[in-house]
Amino acid sequence: MGTKIANDVEINPVPAIEKGISEEEDMNVMKYLRGEAANLEVLQDKKLKGQLALREDLYGKSAKAAAKAEKWLMPSEGGYLEAEGIERTWNIKQETIAREVDLLGSRNQYDIILPDLGPYTLDFTPSGRYMTVAGRKGHMAIVDMKNMNLIKEFQVRETVRDVVFLHNEMFFAAAQKKYTYIYDRNGTELHCLKEHGAALKLQFLNKHFLLASINKFGQLHYQDVTTGEMVGNFRTGLGRSNVMQVNPFNSVVAVGHSGGTISMWKPTSSAPLVKMLCHHGPVTALAFHSNGHLMATAGMDRKIKLWDLRKFEVLQTLPGHTKTMNFSQKGLLATATGSFVQILRDFSGSQNYSRYMSHSIAKGYQIQKLAFRPYEDVLGIGHSMGWSSILIPGSGEPNFDSWVANPFETSKQRKEREVHSLLDKLPPETIMLNPTKIGSVKPTRKKEKPAKQEIEAELEGAVEAAKKASFKKKTKGRSKPSKVAKKKKEAVYKAKKPFLEQEAKGEGLSKKKRKNIEEENQLPRSLQRFARKRQAN
Amino acid sequence: MKVKVISRSTDEFTRERSQDLQRVFRNFDPNLRSQEKAVEYVRALNAAKLDKIFARPFIGAMDGHIDAVSCMAKNPSHLKGIFSGSMDGDIRLWDLASRRTVCQFPGHQGAVRGLTVSTDGRVLVSCGTDSTVRLWNVPVSSIMESNDSSNNSAKPLAVYVWKHAFWAVDHQWDGDLFATAGAQVDIWDHNRSQPVNSFEWGKDTAISVRFNPGEPNILATSASDRSITIFDLRLASPARKIIMRTKTNSIAWNPMEPMNFTAANEDCNCYSYDSRKLDEARCVHKDHVSAVMDIDYSPTGREFVTGSYDRTVRIFQYNGGHSREVYHTKRMQRVFCVKFSCDASYVISGSDDTNLRLWKAKASEQLGVLLPRERKKHEYLEAVKNRYKHLPEVKRIVRHRHLPRAIYKAASLRRIMSEAERKKEERRRAHSAPGSIPKEALRKRRIIEEVE
């Protein structure tokens, strides 16, 4: 049945299938648009308005082109696991999967047993090609996962608590008994980082080239690995903790404490950005989703909570214990207790996680670390008797971007990428809770008094600048230490003076006086001398 | 049970032979990339700094004249040549690539005041204070041979003597007539020894003349009574006239929007007008600190170059109130004439110190043939710099230009004076009855009246 419009032309309604497709396309286009369009109505400058409208149009076109490319041009399709009949996905065992899957896939499923070298922790490079493992008793190894090639293994004969790759597979850092060390791919010790102390956990911020560590006194250290400069060094103030993760979306480091709080830090401020009370007991594990607004926390109170980081609210609470958690690229959450691994998944995209798969490794093995391998449907498990790898269909991103992370990288490409990423190295000041704020313009203040905090911040800044200023060295005894110290004190006082004056002026006035001043300001300028002056009487 | 796992075969994702190119796969998903804005910001900052490192606009000076260069002319059909006339009557044809004189045209007894080339590029017309108009044959063959650096001189095709000294000359864009400016505006034909037509409005000399690129019969002149007049050759009398507060030294029509023209004024500003509506300027371009002597539009119509008495050459956007670039050298004295090259890449300035100088229009542009990858990279860096150019650190670097001390001081003095005037005006308005002192835009304020 067609609908009739004004000039009696019948149009057929869009059939339901096509509507579904166009809705899907719209969703994809929204993803590529990266947020809302700017509101151009408030602009008064017509030239600017025209230019920005043109820009917005171009953004729309490029988002549509990207959505189309995603639909038609991607070379690989993702993995999936569908149960038929009465079987459920969490009942399916790894052996059954290995039988059904092709040879390349089944090669990714293995167990490596190394019984006496302690619980193993592992880390993957962002391309998923290389893996580094470290056993607690000091056994470290780098493995090329494509060919299952052991590149190097060596023993440091010391406790190793954590290991991370730096910007590529050539370097990795190990948190050993007393200090943190940086090693080369060939096992050569390159650096001994004494300032970090006895680190418990290490994390590497890829874009900023910062190595973050938390040590057993609860001190957080940020070190720039390109220049060796210690960028930040903070006392968390909440005691020893060995739960630390980096949020990949905005590069803030979150630390979980034994009081059940989680604090989030950035290298440029000595106070945490956020402190949230998550659990009734100590926090045992922490994981971030790559989209930046989902965080999973687990505590000793036998709860796993999923948080929305935009509103800092709990989305979902699940029962369970876990010592380690990890999100995959496609949003699957892996948790582990003892020798049991459970994978959770939100089937409908509505952030409602439920059981997807599970796996029990050999009884008696204690799982130390879980890590999904990027761009593959593989979960790496580090446990007390070595490490294993199991297949989790649907966990990895099937299509990689060669300019972001290339699992088939040649050495020339690796070198080029290293140089380019060094050129694009982000300064530590760009780390903030909402990274999309960069480039946005602060709306002009309408004669509002700056908040007390802002005034204090300004005062601090001015005092610091005055303290840093260096004085010219004078001869003939005019730059004696006492005189220099006096000059410095005067400079600090000078920097503070305007703020003190402002305070005296602002706070000395009583409410009545302030009201009078307001009244005065409301009259036109030529009549301001006739404003009522109660005090004069 | 249906199951599938990601499995990539190495052959599909790596190249077959070492002669092949490496394979590149793209996934534009924003979830794979975090902190895009911060990365773009760092790239914009680096792009701004690189821009400044590579900003070397001065290419070379063309030495040869023995007196100040008073006028220049572009050859519309030949990119590499430029004509220049000096105050002692010497006219030269320069080859821009080798920066040498190709040909000299001696003959004028006094200063050469105007130069123009005919539409087909064959005939050079020059006029001077010795009341003569001379037509020269442009030596086409010797322009081609750049190896031949001998200074051959040409003999004039024709010499027309007239009653008064000439101040400027311009040729029609699409015809056979040329106009000279002097005591009156005369229209000449190549073959007639007397002007075909003559226009006059008031008793003052016309000091510059320009034909409209779009309409071959319309021309704009400026006179010493501070007016700008628009003439139509088909009418017997002039079409429109506006009188401003100060004299206009030169006019240039926008080749892409032929109804708009920009006038270079004595009060250090340039005023862009729409010739259909002359009661208000479209845009005022302010940045010079002394009289603007000459102006020329780029063939793209998007920017124009001005040369001023304050020894600088500035490049403005066609709709921008302030200059985007300023060129100066210690050796360059008062700039009397400027030209934008016909491929929009170079700017030529002729000045008081007898030299013509060749500059790049975009100071950090890489000359020569660029590889496609290089070009794309430059375009990307330009785009990312423009996206973040409002942020303070990037803006500081992009805006930074070194100015000679005299100009810097003069500019700050002008700013203080105009600020003081503005404040006084504001206070007068605040203390008067609302509405009794009207607000007048600068675009209108500088025009005294429009006359039909």
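Numbered from 1 within each chain, the chains take letters A, B, ... in sequence-line order. Side chains are part of it too, since the values below use all heavy atoms of this structure and drop only hydrogens, waters and symmetry mates.
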Interchain contact, A:K47 with chain B, by part (heavy-atom threshold 4.5 Å): side chain

Would you say that more than 12 heavy atoms from the other residues, nucleotides or ligands in this model lie under 6.0 Å from the CZ of B:R23, or not? yes

Could you tell me which residues satisfy salt bridge (Lys or Arg N to Asp or Glu O under 4.0 Å) with B:K362, sequence neighbours excluded, listed by chain and number? none

Got a second to check how far A:I97's CD1 is from B:K4's NZ, nearest 0.5 Å? 14.0 Å

Under 3.5 Å, is there a donor-acceptor pair between the side chain of A:K146 and the main chain of B:T10? no

Closest-packed option against chain B by number of heavy-atom pairs under 4.5 Å, given A:A405, A:P248, A:S402: A:S402

Select one option (side chain, backbone, both, neither) describing which atoms of A:H208 are under 4.5 Å from chain B's heavy atoms. side chain

Ranking A:T430, A:I392, A:L426, A:D102 by heavy-atom pairs under 4.5 Å to chain B gives rank one to A:L426

Is the count of non-hydrogen atoms from other residues, nucleotides or ligands lying under 6.0 Å from A:K49 atom NZ greater than 12? yes

Report yes if the side chains of A:K31 and B:P30 come closer than 4.5 Å at any heavy-atom pair, otherwise no. yes

Side chain / backbone / both / neither for B:L32 at chain A, heavy atoms under 4.5 Å: both

Heavy-atom closest pair, residues B:S34 and A:F249: CB-O, 3.8 Å

Would a distance-only check, ignoring hydrogens and angles, find a side-chain to backbone donor-acceptor pair under 3.5 Å from B:N46 to A:L423? yes

Please say whether more than 12 non-hydrogen atoms of neighbouring residues, nucleotides or ligands are located less than 6.0 Å from CZ in B:R324. yes

Options A:E70, A:E376, A:E100, A:K207, ranked by heavy-atom pairs under 4.5 Å with chain B, top entry: A:K207

Most heavy-atom pairs under 4.5 angstrom with chain B, which of A:N250, A:L103, A:N291? A:N250

Plane angle bin for B:F13 and A:F400 - parallel if under 30°, tilted between 30 and 60°, otherwise perpendicular: tilted

Does B:V24 form a side chain to side chain contact (heavy atoms under 4.5 Å, CB included) with A:W403? I'd like the steps, not just the answer. CA-CA 8 Å; B:V24 170; A:W403 302 120; 3.8 Å; yes

Just so I understand: if I count every heavy-atom pair under 4.5 Å between each of A:P393, A:A67, A:P435, A:A66 and chain B, which residue has the most? A:P393

We want to know whether A:S251 and B:Q35 form a side-chain donor-acceptor pair, criterion being a heavy-atom distance below 3.5 angstrom. yes

Please say whether more than 12 non-hydrogen atoms of neighbouring residues, nucleotides or ligands are located less than 6.0 Å from CD in B:E16. no

With a 4.5 Å cut-off on heavy-atom pairs, point out which of B:E12, B:H431, B:R26 contacts chain A the most. B:R26

For B:H390 and A:G439, indicate whether the former's side chain and the latter's backbone hold a donor-acceptor pair under 3.5 Å. yes

Could you list the donor-acceptor pairs under 3.5 angstrom formed between side-chain atoms of residues 72-92 of chain A and any protein atom two or more places apart in sequence or on another chain?
unit_1 : atom_1 : unit_2 : atom_2 : d
A:E84  : OE1    : B:M1   : N      : 2.5
A:E87  : OE2    : A:E84  : N      : 3.4
A:T89  : OG1    : A:Y356 : O      : 2.7

Okay, B:E36 and chain A: the region with an atom under 4.5 Å from a heavy atom over there is side chain

Under 4.5 Å between any side-chain heavy atoms of B:K37 and A:K437, yes or no? no

For B:Y380, does the OH atom have more than 12 heavy-atom neighbours from other residues, nucleotides or ligands under 6.0 Å away? yes

Please classify the contact of B:V39 with chain A as side chain, backbone, both or neither, using a heavy-atom distance under 4.5 Å. both

Taking A:N399 for the side chain and B:N27 for the main chain, is one N or O donor matched with an acceptor at less than 3.5 Å? no

Atom CE of A:M148: over 12 foreign heavy atoms under 6.0 Å: yes

Separation between CD (A:Q329) and CG (B:D29), nearest 0.5 Å, reads 10.0 Å

A:E397, part contacting chain B, at a heavy-atom distance under 4.5 Å: both

Above 12 or not: heavy atoms from other molecules or residues under 6.0 Å from NZ of B:K277? yes

Taking the side chain as everything from C-beta on, heavy atoms only, tell me whether A:V404 gets closer than 4.5 Å to B:R33. yes

Restricting to non-hydrogen atoms, name the atom on B:S7 and the atom on A:L104 that form the minimum distance, rounded to 0.1 Å. CB-CB, 3.9 Å

Pick one of side chain, backbone, both or neither for B:R8, based on which atoms fall under 4.5 Å of a heavy atom in chain A. both

Just verifying a value: how many Å separate A:F408 CZ and B:Q22 CD, rounded to the nearest 0.5 Å? 12.0 Å

Other residues, nucleotides, ligands: >12 heavy atoms within 6.0 Å of A:K415 NZ: no

Hey, could you give me the CG/CD1 distance between A:L391 and B:I6, rounded to the nearest 0.5 Å? 11.0 Å

Identify which part of B:F25 has an atom lying under 4.5 Å from any heavy atom of chain A, answering side chain, backbone, both or neither. both

Max heavy-atom pair count under 4.5 Å with chain B, selected residue of A:T96, A:V378, A:D377: A:D377

